[in-house]
K.L.:
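Can you read through this structure? Questions will come right after.
Throughout, residue positions are numbered sequentially from 1 according to the sequence presented. Being a predicted model, the structure only gives us computed values, none of them experimental.
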Amino acid sequence: MKEDSICTTGELLGTVLAVQANFYRVQLDQGVRSQEGGTAVRPYRSQKSEIIESDSLLSPVPSPPPPTLLCTRRTRLKKIGQQVMVGDRVVVEEPDWSGKRGAISDVLPRHSELDRPAIANVNQILLVFAVADPPLEPFQLSRFLIKAESTGVDVILCLNKCDLVSLEEKQEISDRLQSWGYKPIFISVQNHINITEVANYLNHKITVIAGPSGVGKSSLINMLIPDANLRVGEVSGKLARGRHTTRHTELFEMPNGGLLADTPGFNQPDLNCTPEELIYYFPEARKLLENGSCRFTDCLHRDEPGCVVGDDWERYEHYLEFLNDAISYQTFLKEQSDPESTLKLKSKKGQNQYEPKLETKKYRRVSRRVQVQNLQDLDLEGEE
Ligand SMILES: Nc1nc2c(ncn2[C@@H]2O[C@H](COP(=O)(O)OP(=O)(O)OP(=O)(O)O)[C@@H](O)[C@H]2O)c(=O)[nH]1
Ligand SMILES: [Zn+2]
């Protein structure tokens, strides 16, 4: 792997927008453009100033968007087990400009990696909720916030449909969320309120949009990326999400250079952190821990003597509930690593549940294959 900054001159750099079977759709960096006749202008980090100069000499009009190439992965990468993810920064070799093809020869180090959706180098999560219709449900909001915080990337909270509530109601919600440690952006996709502010946050970043159903995520994406419907229309009609589409992850280009990914089917995020780390995903409690420390290093902040977190904060009840989840998840993991385990994990409506395993010998019907095998064994024994 190479460092992003030390790519040698002459190498094409780009970002993987989508992975389709064994092909990778790579958007080359801004400034890269194919020349007529099949050769390329090759602008790279180290040459940026040079390119801007030559661009301005060549023409005063803004350069066209950088080309996108359909790439394969070099066998060498396969051999060393180097996976290529959506969001990866990659080095592309042997571009065929007319056929819009290329080959990925290297993957630069990732600065972040999400697993659901699987995207590398995400800079931020844009969490979208509605202030009404569906009503703002604090526990659900907390759950999404904790999940987003646990990824370690920045979280932006956006509250849509502000056209449906009064100024007083908005203020109330704002004060409440401020006490949770958040400063929400109130928007209305319908009335075009604060959309530019949201767009500015997304400039030149990789953003994952998340939130429950019906809050206006698709409406927002379609407004931020006016040709999203058009481009995705060929595949799905609604930005590769919804019932009629497969759940593949894809980054969509914003007109101003940012990349945006949707999270289809992300309605009830699982919390799978350890009980000890959970408290750090609550900014209001994190602040208390930054200013002091609990008497016991393994304090879980449930009434222990000398606890600096205490119970005097609104989301304390949420904390206790998520803590129970985290503890049962940990118990489950311990059980799993134990061969005598009697529990198995089942995911129902996006939530983890632990069910007792059936004891193979007592309750499971012997499979047909095993039955046949047993009969064959018996036959063999008979022959002997
Ligand atoms: N009043 C109001 N309604 C809005 C606004 N934005 C979106 N809606 C409506 O909310 C409904 C849901 O919008 P979608 O964009 O489909 O919501 P979604 O979050 O993508 O929902 P899923 O596809 O189920 O995940 C639609 O009927 C929109 O017209 C808004 O700012 N104000
Ligand atoms: Zn404590």
K.L.:
Do any N or O atoms from the side chain of Lys334 and from the backbone of Tyr329 form a donor-acceptor pair under 3.5 angstrom?
P.N.:
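Such a contact is absent between Lys334 side chain and Tyr329 backbone.
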K.L.:
Under 6.0 Å from the CG atom of Asn291, do we count more than 12 heavy atoms belonging to anything else shown?
P.N.:
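Counting neighbours around CG of Asn291, more than 12 heavy atoms of other residues, nucleotides or ligands fall under 6.0 Å, so yes.
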K.L.:
Can you tell whether the side chains of Arg176 and Glu314 come within less than 4.0 Å, N to carboxylate O?
P.N.:
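The answer is yes: the pair qualifies as a salt bridge.
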K.L.:
When you measure from the side chain of Ser328 to the backbone of Asn324, do you find a donor-acceptor pair of N or O atoms at a distance under 3.5 Å?
P.N.:
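Flag set: sc Ser328 to bb Asn324 pair under 3.5 Å.
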K.L.:
Any donor-acceptor pair under 3.5 Å linking the side chain of Asn160 with the backbone of Val189?
P.N.:
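The answer is yes, because a donor-acceptor pair under 3.5 Å joins these two groups.
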K.L.:
Please test Phe139 against Phe322 for ring pair (Phe, Tyr, Trp, His ring centres under 6.0 Å), starting from the C-alpha separation and ending with a verdict.
P.N.:
CA-CA 10 Å; Phe139 187 71; Phe322 296 141; 4.9 Å; yes
K.L.:
Would the number of heavy atoms belonging to other residues, nucleotides or ligands and lying under 6.0 Å from CD of Glu172 be above 12?
P.N.:
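12 or below, so no.
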K.L.:
So, are Arg110 and Glu113 salt-bridged, with charged N and O less than 4.0 Å apart?
P.N.:
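Yes, charged N to carboxylate O under 4.0 Å.
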K.L.:
Other hydrophobic cluster members with Phe23, side-chain heavy atoms of Ile/Leu/Val/Met/Phe/Trp/Tyr under 4.5 Å, chained?
P.N.:
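Via sub-4.5 Å side-chain contacts, Phe23 links to Leu70.
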K.L.:
Please lay out, stage by stage, how Leu17 and Leu259 fare under the test side chain to side chain contact (heavy atoms under 4.5 Å, CB included).
P.N.:
CA-CA 8 Å; Leu17 299 184; Leu259 295 171; 3.7 Å; yes
K.L.:
Quick one: do Val131 and Leu167 end up in the same hydrophobic cluster if we chain Ile, Leu, Val, Met, Phe, Trp and Tyr together by side-chain heavy atoms under 4.5 Å apart?
P.N.:
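Looking at the clustering, Leu167 is in a separate group from Val131.
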K.L.:
Go through the steps for Gln124 and Thr207 under the test side-chain hydrogen bond (donor to acceptor under 3.5 Å, both in side chains), then give the verdict.
P.N.:
CA-CA 5 Å; Gln124 53 195 12; Thr207 307; 3.0 Å; yes
K.L.:
Would you confirm whether Lys100, through its side chain, and Thr68, through its main-chain N or O, come within 3.5 Å as a donor-acceptor pair?
P.N.:
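Checking the backbone N and O of Thr68 against the side chain of Lys100, no donor-acceptor pair under 3.5 Å is found.
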K.L.:
Counting C-beta onward and ignoring hydrogens, is there a side-chain heavy-atom pair between Val84 and Val90 closer than 4.5 Å?
P.N.:
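Result yes, sub-4.5 Å side-chain heavy-atom pair found.
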K.L.:
Got a second to check how far Leu288's CG is from Ser293's OG, nearest 0.5 Å?
P.N.:
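Here the rounded value is 12.0 Å.
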K.L.:
Looking only at side chains, do Asn203 and Asn256 share a donor and an acceptor under 3.5 Å apart?
P.N.:
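Distance-only check passes for Asn203 and Asn256.
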K.L.:
Between Phe282 and Trp313, does the ring centroid distance fall short of 6.0 Å?
P.N.:
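Yes.
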K.L.:
With no hydrogens and no angle check, do the side chains of Thr15 and Arg89 hold a donor and an acceptor under 3.5 Å apart?
P.N.:
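On atom types as modelled, these side chains qualify, holding a pair under 3.5 Å.
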K.L.:
Does the side chain of Arg25 reach to within under 4.5 Å of the side chain of Glu250, using non-hydrogen atoms?
P.N.:
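Arg25 vs Glu250: side chains touch.
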K.L.:
Checking side chain to side chain contact (heavy atoms under 4.5 Å, CB included) against Ser105, which of Glu11, Arg76, Arg74, Glu94 comes through?
P.N.:
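When side chain to side chain contact (heavy atoms under 4.5 Å, CB included) is applied between Ser105 and each of Glu11, Arg76, Arg74, Glu94, only Arg74 qualifies.
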K.L.:
Is Glu321 paired with Arg315 through a side-chain N to carboxylate O contact shorter than 4.0 Å?
P.N.:
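No, Arg315 and Glu321 are not salt-bridged.
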K.L.:
Would you say OH of Tyr280 has more than 12 non-hydrogen atoms from neighbouring residues, nucleotides or ligands within 6.0 angstrom?
P.N.:
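No, because the 6.0 Å sphere around OH of Tyr280 holds 12 heavy atoms or fewer from other groups.
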K.L.:
Are any of the side-chain heavy atoms of Glu284 and Ser179 separated by less than 4.5 Å?
P.N.:
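Counting from C-beta outward, Glu284 and Ser179 never come under 4.5 Å.
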K.L.:
Ser174 and Gln171: side-chain donor and acceptor closer than 3.5 Å?
P.N.:
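Short answer, no.
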K.L.:
With heavy-atom distances below 4.5 Å as the criterion, would you say the side chains of Pro95 and Leu12 are in contact?
P.N.:
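With C-beta onward as the side chain, the pair touches.
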K.L.:
Taking NZ in Lys78 as the centre, count heavy atoms belonging to other residues, nucleotides or ligands within less than 6.0 Å. Is the count above 12?
P.N.:
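Atom NZ in Lys78 is packed in, count exceeds 12.
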K.L.:
Surrounding OH of Tyr201 (heavy atoms of other residues, nucleotides or ligands, distance under 6.0 Å), is the total greater than 12?
P.N.:
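At most 12 heavy atoms, drawn from other residues, nucleotides or ligands, come within 6.0 Å of this atom.
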K.L.:
Are Asp96 and Ser98 close enough that a side-chain donor and a side-chain acceptor fall under 3.5 Å?
P.N.:
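Distance-only check passes for Asp96 and Ser98.
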